[in-house]
Amino acid sequence: MKPLNEMELWFESRSSNEGFARSAVSAFIAQLDPTIGELNDIKTAVSEAVTNCVVHAYRNTIGRIYINVKITEGAVVIIKIRDKGIGIENVAQAMEPLFTTAPSEERAGLGFAVMQSFTDNVNVRSSPGKGTTVILKKRISRRVYNG
Amino acid sequence: MINRVSFNENEMTYRLSGEIDHHSAKTARELIDSLIQQKKPSVLKLDFSDVSFMDSSGIGLIMGRYRMMHLYGGELCVVNVPDQLEKIMFLSGLGALGVIEKKGEAYETVE
Ligand SMILES: Nc1ncnc2c1ncn2[C@@H]1O[C@H](COP(=O)(O)OP(=O)(O)OP(=O)(O)O)[C@@H](O)[C@H]1O
Ligand SMILES: [Mg+2]
């Protein structure tokens, strides 16, 4: 399906860019007039996916994180977050709540669980050594205007 | 992020502010832990009044302080949780630990 609107950006995997990434996506989506709750959900889910690129994918290195956002028919937002980092061996296991490979760094193992409960759909594709792509989908409830 | 700390007998209140993510949690963690070690409070209150955003890094921050306080035989309490953070706080299972007080519940900030 052809998107009604689309944007793309990349940035370096520095932790200081985590706030930039979620704000940029939320600013783009603002045109759909989402509720504060919906915007907060999207910011939180994007923050999780981007943090995973910084913390896990490019551990001890700096690489590029790519974000593509599409707005499609029916106010459905599709957000793709991609890295070219270490990848994930077992995606199903990684997505289980509380699973983490970095417990000593106070990771809760809840990133994927948060993405799942804060969006309508989460899709993860990964190949070890090549990288990971996370696709988040969320429908924005359009508020009705009178006049 | 400007955080404030206050003391009331054996109770230490640490008031976080701004957005808590992986980037900002690191500084907050270091500050809180050095205060815990210096002051050894029996109760640590983490005040979320001025926190506008939090992701799972905030959960890690709370869980880590919870474990640390228990190690010292103390208690942790999360207070003044704003509406927009309720969803993530309760998703984390922190609700079940009984450490969360919502905004305006039985507690007032001591400045
Ligand atoms: N982009 C990625 N590249 C490589 N590994 C990843 C990536 N995203 C997630 N992982 C792996 O999946 C695990 C689970 O991720 P999840 O976000 O659920 O938890 P976490 O990051 O460990 O903890 P939290 O998100 O609560 O701080 C991670 O510990 C890591 O091993
Ligand atoms: Mg994570």
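The chains referred to below are lettered A, B, ... by the order of the sequence lines, with proteins before strands, and numbering in each begins at 1.
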**Asked** Side chain, backbone, both or neither: which part of A:Ser117 has an atom under 4.5 Å from a heavy atom of chain B?
**Response** both
**Item:** side-chain hydrogen bond (donor to acceptor under 3.5 Å, both in side chains) between A:Asn68 and A:Glu6, intermediate numbers included
**Value:** CA-CA 7 Å; A:Asn68 170 286; A:Glu6 183 170 4; 2.9 Å; yes
**Message:** Tell me which of these, A:Ala108, A:Gly111, A:Ser16, has more heavy-atom pairs under 4.5 Å with chain B than the rest.
**Reply:** A:Ser16
**Request:** Determine, for A:Arg64 against A:Asp83, whether the closest basic-nitrogen to carboxylate-oxygen distance falls under 4.0 angstrom.
**Result:** no
**Prompt:** Looking at A:Pro97, A:Ser15, A:Gly109, which makes the most heavy-atom pairs under 4.5 Å with chain B?
**Reply:** A:Ser15
**Message:** Please give me the minimum heavy-atom distance between A:Tyr58 and A:Lys84, naming the atom from each residue.
**Reply:** OH-N, 2.7 Å
**Asked** Within 45° of the six-membered ring axis of B:Tyr14 and under 6.0 Å from that ring's centre, is NZ or CZ of B:Lys45 located there?
**Response** no
**Request:** Please examine the side chains of A:Leu136 and A:Val134, heavy atoms only from C-beta on, and report whether any two atoms are closer than 4.5 Å.
**Result:** yes
**Prompt:** Which residue out of A:Arg14, A:Arg107, A:Glu18, A:Lys43 racks up the most heavy-atom pairs below 4.5 Å with chain B?
**Reply:** A:Glu18
**Prompt:** Where does A:Asn17 contact chain B at under 4.5 Å (heavy atoms): side chain, backbone, both or neither?
**Reply:** neither
